[in-house]
Amino acid sequence: MSCVANFATLIVNDPDFTRFATKPSDAILPQITTIPLTFGIVSVIGIIVSSSSSVVYNETIWSPIDLLGKLLDGNPSGATRFGVFFISACFVLAQIGVNIAANSASAGSDMTALLPKYISIRRGGFICALIGLCMCPWTLLSSSNNFTTYLSAYSVFLSSITGVLFCDFYIIRRGKLNVAQLYSVDKNGDYWYWNGISWKAYTSYIAGILINIVGFAGAVGTPVSTAASQMYNLAYFLGVFVSAGIYYILWRIFPSKGMELQGWHEKDEYVFEEIKKEGEIDTKEPNLSVVV
């Protein structure tokens, strides 16, 4: 489950990047080919290195940072020191790249949408970095058990978001979004809901968390039943399916605006007409680069 949890944040913030694609294949093909390949290679290298450390140092060293420290014990040669420096520099570069793509850009986009007058994507990224430092994340790396427990724990909260987003776009709306209304504060708009809040989405989100909350308590040390622990092993999938199921039921009982069209709808079928009605574009322009 910790392996799935590793992608939990990327699944949720993927639209921050894919929205710039001009066609679906631009987003699908690179991810479906590179992600399994690169993660597979990195995982194999990690297994080989950890297994080798058991032979060389008579202990299994799971952290690459600790292993680099072991290489410097004693009287290492100049080549060894240079190798450790080069590998450490690669780790620093990788951490910067991963955090910009997986954390800073996502947090910046969300904070910009929350307070666009005061927060830009760059400022949101700096705020995210500051909050990350205040959380003392190095304590999560004190042991491999703490790290995997943390990965599984936060996936509990992110899985419910994924379920709601997936159900809303793919099952209920079938790909139809009124782009102009997404940026409207009109109280009669399609996405105003109740006082600007979708209570159905929040209800579904909480339901997806509650199904796993007992197992989560067990993961942090509280005695729980065997059934709860076994359910927690599938926490991410339970959160997705429960939140999506509750959301679908609530939307069918309490339908809202923006659900009039039936069947699947690609962007070219409606986006141009919808925004043209709002008077937001030059109607003589034949090409509208909007990806939903």
Colleague: Heavy-atom count check: over 12 atoms from other residues, nucleotides or ligands less than 6.0 Å from Phe126 CZ?
Modeller: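 No, because the 6.0 Å sphere around CZ of Phe126 holds 12 heavy atoms or fewer from other groups.
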Colleague: Within this structure, what is the CD-CG distance for the pair Glu59 and Leu67, rounded to the nearest 0.5 Å?
Modeller: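 Going from the CD atom of Glu59 to the CG atom of Leu67 covers 9.5 Å.
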Colleague: I want to check something: taking the side chain as every heavy atom from C-beta on, are Lys200 and Val164 in contact at a cut-off of under 4.5 Å?
Modeller: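 In short, these two side chains do not touch, never coming nearer than 4.5 Å.
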Colleague: Could you report the tightest heavy-atom contact between Ala107 and Gly124, atom names first, then the distance?
Modeller: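 Nearest heavy atoms, Ala107 then Gly124: CB-O, 4.4 Å.
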Colleague: With a 4.5 Å limit on heavy-atom distance, are the side chains of Trp251 and Arg173 in contact?
Modeller: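 In contact.
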Colleague: Check Asn212 against Gly239 and note the closest heavy-atom contact, atom names and distance.
Modeller: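 Taking every non-hydrogen atom into account, ND2-N, 3.7 Å.
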Colleague: Counting only heavy atoms not in Ile32 (residues, nucleotides, ligands), do more than 12 fall under 6.0 Å from its CD1?
Modeller: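 Atom CD1 in Ile32 is not crowded, with 12 or fewer foreign heavy atoms closer than 6.0 Å.
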Colleague: Within the structure provided, determine whether Leu130 and Ile127 are in side-chain contact (heavy-atom separation under 4.5 Å).
Modeller: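 No - every pair of side-chain heavy atoms lies 4.5 Å or more apart.
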Colleague: Taking the side chain as every heavy atom from C-beta outward, state whether Cys167 and Ile172 have any atom pair closer than 4.5 Å.
Modeller: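 They are in contact (side-chain heavy atoms under 4.5 Å apart), so the answer is yes.
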Colleague: Do any N or O atoms from the side chain of Ser50 and from the backbone of Ile47 form a donor-acceptor pair under 3.5 angstrom?
Modeller: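 Not a single qualifying donor-acceptor pair exists.
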Colleague: Going by the rule salt bridge (charged side-chain N to carboxylate O under 4.0 Å, His left out), which residues pair with Asp110 if we only count those two or more places apart in sequence or in a different chain?
Modeller: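 In terms of salt bridge (charged side-chain N to carboxylate O under 4.0 Å, His left out), with neighbours along the sequence ignored, Asp110 is linked to no residue.
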Colleague: Output side-chain donor-acceptor pairs under 3.5 Å for residues 75-84, partner residues at least two apart or in another chain, one line each.
Modeller:
from, atom 1, to, atom 2, distance (Å)
Ser77, OG, Thr80, N, 3.3
Ser77, OG, Thr80, OG1, 3.1
Arg81, NH1, Pro76, O, 2.9

Colleague: If you count heavy atoms of other groups shown closer than 6.0 angstrom to OH of Tyr193, is the number above 12?
Modeller: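 More than 12 heavy atoms, drawn from other residues, nucleotides or ligands, come within 6.0 Å of this atom.
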